[in-house]
Amino acid sequence: MTEALDAFRAEVRDWLEANCPEEMRDGGSGEENICWGGKRWQFQSEAQKVWLERMAAKGWTVPTWPKDYGGGGLSRDEDKILQSEMRRIKARSPLQSFGIWMLGPALLHFGTHEQKAHYLPPIARGEVRWCQGYSEPGAGSDLASVQSRAEPRGDHFVVNGQKVWTSYADKADWIFALLRTDKDAPKHKGISFVLIDMSSEGVSTRPIRLISGSSPFCETFFDDVKVPREQVVGEENRGWDVAKYLLTHEREMISGGGGGLLGGRGVGAMLDGADDPVLRAGAMTCEIDALAMGLTLERYKDMAKTGSVGDASAMLKYYGTELNKRRNEVMMLAGGSDALEWDGAHGSLPADWLRSKANSIEGGTSEVMLSIISRRVLGLPA
Amino acid sequence: MTEALDAFRAEVRDWLEANCPEEMRDGGSGEENICWGGKRWQFQSEAQKVWLERMAAKGWTVPTWPKDYGGGGLSRDEDKILQSEMRRIKARSPLQSFGIWMLGPALLHFGTHEQKAHYLPPIARGEVRWCQGYSEPGAGSDLASVQSRAEPRGDHFVVNGQKVWTSYADKADWIFALLRTDKDAPKHKGISFVLIDMSSEGVSTRPIRLISGSSPFCETFFDDVKVPREQVVGEENRGWDVAKYLLTHEREMISGGGGGLLGGRGVGAMLDGADDPVLRAGAMTCEIDALAMGLTLERYKDMAKTGSVGDASAMLKYYGTELNKRRNEVMMLAGGSDALEWDGAHGSLPADWLRSKANSIEGGTSEVMLSIISRRVLGLPA
Amino acid sequence: MTSLLKTEDETMLADSARGFLDDAAPVSHLRGLRDAGKVHDPALWAQMAEMGWTGVLVPEEAGGADMGHAAAGILAGEMGKTLVCSPFIGTAVIAATALRQVANDRASAALRGIAEGKTIYALAVDEGPKHDPDAAQMEAVADGNGFRISGAKTFVCDGMSADRVLVLARTGEGLTLFDLPTDRDGITRSAMSLVDSRDAARITFDAVAATGDDVLGQVDDAMTVLRPALEAGQAALAAEMGGVAAGAFAMTVEYLKERKQFGVPIGMFQALQHRAAHLWCETEVTASAIAHAGRKLDEDPAQATLAVSLAKARATQTVTLAVQEGVQMHGGIGMTDAFDMGFYMKRARVAAEWLGDYGYHAAIVARLREI
Amino acid sequence: MTSLLKTEDETMLADSARGFLDDAAPVSHLRGLRDAGKVHDPALWAQMAEMGWTGVLVPEEAGGADMGHAAAGILAGEMGKTLVCSPFIGTAVIAATALRQVANDRASAALRGIAEGKTIYALAVDEGPKHDPDAAQMEAVADGNGFRISGAKTFVCDGMSADRVLVLARTGEGLTLFDLPTDRDGITRSAMSLVDSRDAARITFDAVAATGDDVLGQVDDAMTVLRPALEAGQAALAAEMGGVAAGAFAMTVEYLKERKQFGVPIGMFQALQHRAAHLWCETEVTASAIAHAGRKLDEDPAQATLAVSLAKARATQTVTLAVQEGVQMHGGIGMTDAFDMGFYMKRARVAAEWLGDYGYHAAIVARLREI
């Protein structure tokens, strides 16, 4: 077993050495360096395009997906080796997308073979870009209170309604959305998980400006949009099951980025010489918690390998996002008046700080996470 | 008006000068220096006895009660002058008791003339000591879930049941208790506010040991105790009204002591040279909050002069007690291992620290206070 | 000391200010300025002058209303509730307090200019990212009968709109406060794009000539004039922050009552109830500290340092909590620029830093309380 | 590094420890000792020796089980859950780790004594109210071929039960660690009445004679031996505190489910639910830091300082919150001595101070992380 893994590691290392373009080895992980793919994608450079194509050909844009659907068919241990070898040479991620993170897992779990064969390979190759349509105006944490309608009319639905917080909807080719297909059923019933081509007639989007400035979020409107009924994932009226399954995935994803550290970075210099116990104590405590949170993410990843983390993942989402808010507050405080200017001495810090306030709202609020933990992990009565 | 008050101040000053014994001018306010009164009271000194007698003769043990019932009949402004003149010469309080703080206000508001005339003067003179019987085992914050019974039998009740957290029940002459007089009525109905002589047959007490050590709290048991029906305050089965009225008084009283400060006292020296930002920041923040809380108590006292503070008094109870817990935590931390010993270098600090944890439980938990504020002050839906 | 409760006069002042501001400067007024790329509304300022607000701390003989610091705090608090954008604190509070420490004709004339709404002042003290007057390094070198001032100041609030600037600079034996017109040769201002959309500038001084007439108070003794001015400003700013907290809190409680989720108003959820109730307690306790600072400045100004730092520290902590809870309890809508809560959060952050952050004032309290 | 999840062996160790301790040392065991005025149960310690726990860090050649620091942490954690009173950390963790740094026959014999449960050790480092090994002032003055040690140590945990004591003293060029029997002439012990009812002593040294044989490690170089021992102790103590937090939390959650008020289980109140859920998150995050410290000490002990201080800091904060919420959520009954929650609160406070409080370890983290 270990020998096989060692052999795999050597193979990966050689292949990366031969195939990863030099420009893609800069560890670039900022927003501006992400390759999102899609029909209208403008590659940043030839290297970015080549890197995507080569990785997609190996199935390594989605290493653990089955080979039949464009994946690499890797085991979890093999995937871990691939990731560590990529980190070793500071290789960029070739492709990121909501298709990979969210629709893929949903289709793999709930989709028909035809759906998987049709939708997954273009995601793996970065040819089709997806966005998510869950939230609606006035619904907030109550995701099941979906009002947007998909009325069955023979072999298709007619979709009407509005979604908000649809990230990158203005750049996406397709959207997966929760829509009410039976208006008489109880709240959690009668919802379906529907795939819609954004180029369909009647679909429009409008960007949302946040307190932190422009954002990837949009409002998305459906006005008598015709959608074939075979574009439902899972059973019709059982879309809530799909949504719940995906919410767990989303939680883990969002928390993943939350464990940022202060140490060794700007804040060390910012704090240098600061004689303020309040600021110092805040920074120290925040760093301690961030280090411990980083270890917790590792522990939970290991746990996920042997079974499911399940509802405990709500902890990662809650703690990671609250921590990230605290970290941003500490940095703003350390920056003082220099950090009060948009694009001033500390660059995007003020916008990042404001943006971080959404962390504990999007993808399930902190309050929802705490309720999940109290009921499903601690077993307190509902 | 101001002239009249100035004249009153001069009169008070002269009288105090002539009548307050020298030994009673030491500002002694520790538990050991309190004069509680009662049939079995042992005066600490002749001076303590003389001081009580002289003040009681003026009605100044209860300055604002009507003269007819043993009080001084002072206006609020006159009372303020009396208190400030007593503080000026560091005069001790001549008498403290639950009779003064709680039963008195209840009787003045709900009692008959006969009850007032019968019960109030002995309280004012320190001749009868009262204790409170509200809580029952297993009831906690749900004070209205009274199980102890007072069964009407002609002109008397037969009382059976158990009370807990009856402070000084082992030293008190009488108890005022909430008892269920109608077991078929809804929870908040069917309760009466009953006065019981502790020397009645069938009354017994047992002290409660706390995590902080021995305590004034007792369990009090009633076993077929016969109580005349005229010893009900207010209407029979309407005792909850009396209890609610008193809870507000209790809140203000308990919070009154909560605004203790760190500065200028031991903790300054304890912290001296401490280079720990966590400890320093904690102490600084605690002191800031305590100073502001002290100002808030003054503001609320002034507010109470012109009208009722009402449910907002829940803030004083909540914030004052939580602050006192924090203050004790800071002092324990500052004391380090020296503060871990019972009666060690920092005296009663460890016991005080542990005892402080009850502040946010007794007299209405912090949770109950927050619920009162959210519903009755903020008007959030119940 | 006078009670911390509002007097009848003060209640009337607050009510009339509220009435005026709800009409003339609701939050949409600030939004409008921002969207138009402006940081100052001369018409609003003129109205404030007409009502006597700009002269709230100007002696009557100089044309002011001389209402005192408690009154200034009440006005600032009402402005805070709707995030009113004006040079009130820098001009009507800080500069007026500095100027009235000085008994000369120039100061009187300057005070009259403030009362009449004709002169806007800014305070240029800080050179680094944290408020620290004692650390000022900018030099005013003796030059003939006067000085040449060189160096740079940052976070000069109202600095772009200001006609005059109070500048702290190091002279031979100490610090000196200069009162200069912003159009004097050698002064260059550049706008800071603050997150709260308010006016602030970086100002560089390139061998700016100053005479003895430009000195406010005595050479080498800035603090006799500046300390009362700073404390007055800090108290008024604390009052403004109390208003910001109150405004954000009121929006939040309204939202908790109206907004439904899972079929009930979200204000029925006990976890939110308790957090809202806790926040209300914080605002109440802070309100006492703010009222006390105003009273103390009016009645015992030489001993007001503790009261002022207490108010600024508490206000900073409370408004921070208020806007954080405000955004979180509003959920996604609280994050949108179209909604007002973000403006409250941004103003709270800038006000937290201006004239000393929490740690700065906590250290003063700790020193005075021997902690 | 090995995964932070428990291995199968570790799970078995934890389960068997739990089984034994639930029977032999539930909280009532500590209560019984306290009520009897005792601070140590020799029979319990003998059983721990039989099970190999006292030798958890003793090399096999000295009769130990040599299971490593992660295993020691697992045992300490299980002990923490029921507040087991024993000299485990001082003897089986700290002293054993110190002794195994030294490759000589005396150290081997001492390790064997520990493994066999025959020798109890205490660590005498602190002289003031806060843990600070570098500040030790006690002097060991050269005297002939040996030393004369004079001074006083405080907060010596297990000091009254101990047969031997590791003493840190200042020698010519630095600090030296001595390993002395507690019955040596000139040593006087007095019991400290700690709030957690555990064993601690003040020890005075009055010209106590020590020879080169009594030195553990090298003269003037205590830290080579002491630092690993302290870090091992801090990690095990953090693990114990994790157990204390888990024990208090489990009691609290049970109570929330069972206790009814206003007609429903109090665990239905959302404010309590959210606080309990938050506390659970804290315990989970802390559990990772504790597991990591054990792994690091086993696999990379020279670089374990950050991991250890992280664990002790987190554990201190978490257990403090756990016992505070524990008492508050239990209401009045949590305040009574008849109920166990108070014991958890008291142990948490003492453990918070022992071997460095939150601020001490936070400062180490800050230094290593360049904050």
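Lettering of chains follows the sequences in order, A, B, ..., and the numbering in each one begins at 1. No hydrogens, no waters, no symmetry mates; every other heavy atom, side chains included, goes into these values.
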*side-chain hydrogen bond (donor to acceptor under 3.5 Å, both in side chains) with D/Arg275: which residues, sequence neighbours excluded?*
B/Glu367, D/Glu325
*Going from CE on A/Met293 to SG on D/Cys281, what distance comes out if it is rounded to the nearest 0.5 angstrom?*
8.5 Å
*Which atom names give the shortest non-hydrogen contact between A/Thr296 and D/Glu284, and what distance separates them?*
OG1-O, 4.1 Å
*Which heavy atom of D/His278 sits nearest a heavy atom of A/Leu370, and at what distance?*
N-CD2, 3.7 Å
*Could you tell me which portion of D/Val285 (side chain, backbone, both or neither) has an atom closer than 4.5 angstrom to a non-hydrogen atom of chain A?*
both
_How long is the straight-line distance from NE2 of D/His274 back to OG of A/Ser366, given to the nearest 0.5 Å?_
9.5 Å
*So do the side chains of A/Arg299 and D/His292 get within less than 4.5 Å of each other, counting heavy atoms only?*
no
*asked:* For D/Leu310 versus A/Leu295, what's the shortest heavy-atom pair and its separation?
replied: CD2-CD1, 3.8 Å
*asked:* Let me confirm one number: the CG-CE distance from D/Leu4 to A/Met303, rounded to the nearest 0.5 Å.
replied: 9.5 Å
*Indicate yes or no for a side-chain donor-acceptor contact from D/Gln270 to the backbone of A/Ser371 under 3.5 Å, with no hydrogens or angles considered.*
no
*Please assess A/Leu378 against D/Phe249 for the test side-chain contact (heavy atoms from CB on, under 4.5 Å), listing each intermediate value before the final yes or no.*
CA-CA 10 Å; A/Leu378 306 182; D/Phe249 182 64; 3.8 Å; yes
*Are any non-hydrogen side-chain atoms of A/Leu291 and D/Arg369 less than 4.5 angstrom apart?*
yes
*Where on D/Ala363 is there a heavy atom nearer than 4.5 Å to chain A: the side chain, the backbone, both, or neither?*
both
*With a 4.5 Å heavy-atom cut-off, do A/Ile288 and D/Arg314 have their side chains touching?*
yes
*Where does D/Leu306 contact chain A at under 4.5 Å (heavy atoms): side chain, backbone, both or neither?*
side chain
_Tell me which of these, D/Gly267, D/Ala307, D/Ala366, has more heavy-atom pairs under 4.5 Å with chain A than the rest._
D/Gly267
*Hey, does A/Tyr300 have a side-chain heavy atom less than 4.5 Å from the side chain of D/Leu5?*
no
_Testing the basics here: between D/Ser3 and A/Asp302, what is the closest heavy-atom pair and its distance to 0.1 Å?_
OG-OD2, 3.1 Å
_To the closest 0.5 Å, what do you measure between CD1 (D/Ile371) and SG (A/Cys286)?_
7.5 Å
*Sequence neighbours left out, what passes side-chain contact (heavy atoms from CB on, under 4.5 Å) with D/Asp357? Give chain and number order.*
B/Asp276, B/Leu333, D/Lys130, D/Glu353, D/Tyr360
*Which atoms of A/Thr285 come close to chain D, meaning under 4.5 Å heavy atom to heavy atom: side chain ones, backbone ones, both, or neither?*
both
*Could you pull out the closest heavy-atom pair between A/Gly379 and D/Lys257, with the gap in Å?*
O-CE, 3.4 Å
_Exercise: identify the closest heavy-atom pair between A/Met284 and D/Gly359_ = CE-O, 4.4 Å
*Tell me, yes or no, whether the heavy-atom count around D/Lys6 atom NZ, taken from other residues, nucleotides or ligands under 6.0 Å, exceeds 12.*
no
*Which portion of A/Ala292 sits near chain D, non-hydrogen atoms under 4.5 angstrom*: both
